[in-house]
There are 2 protein chains.
Amino acid sequence: MPERKPRKDAARNREAVLAAADALFARSESPEDITMADVAAAAGVGKGTLFRAFGDRSGLLRALYEARLEPVREAIESGPPPLGPGTPPHQRVLALLDSALCFKLDNRRLALALEESGSTSPYQAAHYDRWHNLLQGVLEQIPGLAADSDFTAHTLLAAIRADLVEHLAGEEDVPREKLRAQLAAFTTRAITAP
Amino acid sequence: MPERKPRKDAARNREAVLAAADALFARSESPEDITMADVAAAAGVGKGTLFRAFGDRSGLLRALYEARLEPVREAIESGPPPLGPGTPPHQRVLALLDSALCFKLDNRRLALALEESGSTSPYQAAHYDRWHNLLQGVLEQIPGLAADSDFTAHTLLAAIRADLVEHLAGEEDVPREKLRAQLAAFTTRAITAP
DNA sequence: CGTTAAAGCGGACTCACGGTCCGGATTCTA
DNA sequence: TAGAATCCGGACCGTGAGTCCGCTTTAACG
């Protein structure tokens, strides 16, 4: 199978679109009022190009998201403790959730745009599955939680959903460190058998 | 203050629309593929009427939701324990969340339609505020949680968000009683100081 | 009752946005 | 450098929320 490499202009345009979209979303008040036409115009590119490169709106958002998430994924899969493997479960759950929270704080608009990317529920997205599987796997190693690890993983992830984070950090102006502390406290309670 | 009562035909049409919308949403696979035109047609009414009576899509959803929620609200505000007032905090939190979960299980499509009702985040909805205030008030009475009662209330409510409930009950076919038990177990852990 | 002004009706219409299409330009291959 | 494969981009389409306005119905009053 050939697997031909993309043409030069295609690659260049792809980058231009990613950069433009990134800037636009970061700047915008709400992700909803950035249209695909806006992105195309800002990138100096036609809509056709935009859609051929990313399929549809959520494809573009996913591509942006994955790119930003890459370092975090790396740190989780093969980095040093407490994020990386080989950390005691209890402590690793805390580290995972904290890193996810920080990521969403640093990429609020983008995360928001991705989760509310219209039609499909967030629970069908591939990246959600990755987080959930990872978290569930760690939770299973904690005595007394194995039975509910699936549900508990969902619930802990629900605590850092983009729109909730946006509401707390953006609307109510809860400071970053306070949020992190509260999440840590809550998580600790949630994974400690009474 | 005038406060004129609505005309007979207006009242009749309003009821027709509510009934039609209720039936349509209950029947539908996903709330998204029921358009306002569908509702109007099913109610035997023009779109103009529909929009005059409810303002916009989310107004219609809210009206449906409030109607369904009425008995639950009653039980919470002035019913007998464990839901009503005068219940020990720990136990009442469990009862509140359980009743909210059951409500969403019984009105899955509607709750889903309301939460994803496009533009505005669920955290700006008036009914969310009511649940949150109520829950926070009760949590404050639990020793050791007072400081984080705001965050904890948000997080517990996040555990029963409509799309998560839909995912678990609808896609993964987790049985009702199992969900209730898992939520109760999780909640107990979350409101018990280590 | 009969009259009349206000309230309500409904469906054709607008508008915005995601997504498609295709004639022409550009880049790879030989 | 010729030909073919790929890509470009903006005009175009479908859809669905929300508006508009001429006509009908209601209800208040003489």
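Chain identifiers are assigned alphabetically (A, B, ...) following the order of the sequence lines, protein sequences preceding nucleic acid strands; residue numbering begins at 1 within each chain.
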Query raised in the report: Is the centre of the A/Y128 ring less than 6.0 Å from the centre of the A/H154 ring?
Result: yes

Report task. Would you please indicate if the ring centroids of A/Y65 and A/F103 are separated by under 6.0 Å? Result -> yes

Query raised in the report: Nearest to the side chain of B/N13 - D/dG9, C/dG10, D/dG18?
Result: C/dG10

Provide, to the nearest angstrom, the distance between the [atom1] atom belonging to [X] and the [atom2] atom belonging to [N].
X	N	atom1	atom2	result
B/D38	D/dA17	CG	C1'	12 Å
A/L61	C/dG19	CG	P	11 Å
A/D9	D/dA5	CG	P	17 Å
A/L50	C/dG19	CG	P	10 Å
B/E32	C/dC17	CD	P	18 Å
B/R57	D/dT15	CZ	C1'	13 Å
B/E15	C/dG8	CD	C1'	16 Å
B/F54	C/dC9	CZ	P	11 Å

Query raised in the report: Checking all strands, does A/T49 fall into the base, sugar-phosphate, or nothing category for heavy-atom contacts under 4.0 angstrom?
Result: base

Query raised in the report: Checking all strands, does B/K47 fall into the base, sugar-phosphate, or nothing category for heavy-atom contacts under 4.0 angstrom?
Result: base

Requested in this report: Look at the side chain of B/R7 against the base of C/dA7 and say whether a donor-acceptor pair falls under 3.5 Å; ignore hydrogens and angles.
Outcome: yes

Requested in this report: Please confirm whether any donor atom in the side chain of A/R52 sits under 3.5 Å from an acceptor in the base of D/dG9, or the reverse.
Outcome: yes

Report task. By nearest nucleotide on DNA chain D, pick out whichever of A/A10 and B/F51 is the more 5' one. Result -> A/A10

Would you call [X] and [Y] a salt bridge, taking side-chain N to carboxylate O under 4.0 Å as the test?
X	Y	value
B/R161	A/D163	yes
B/E77	B/R130	no
B/R68	B/D22	yes

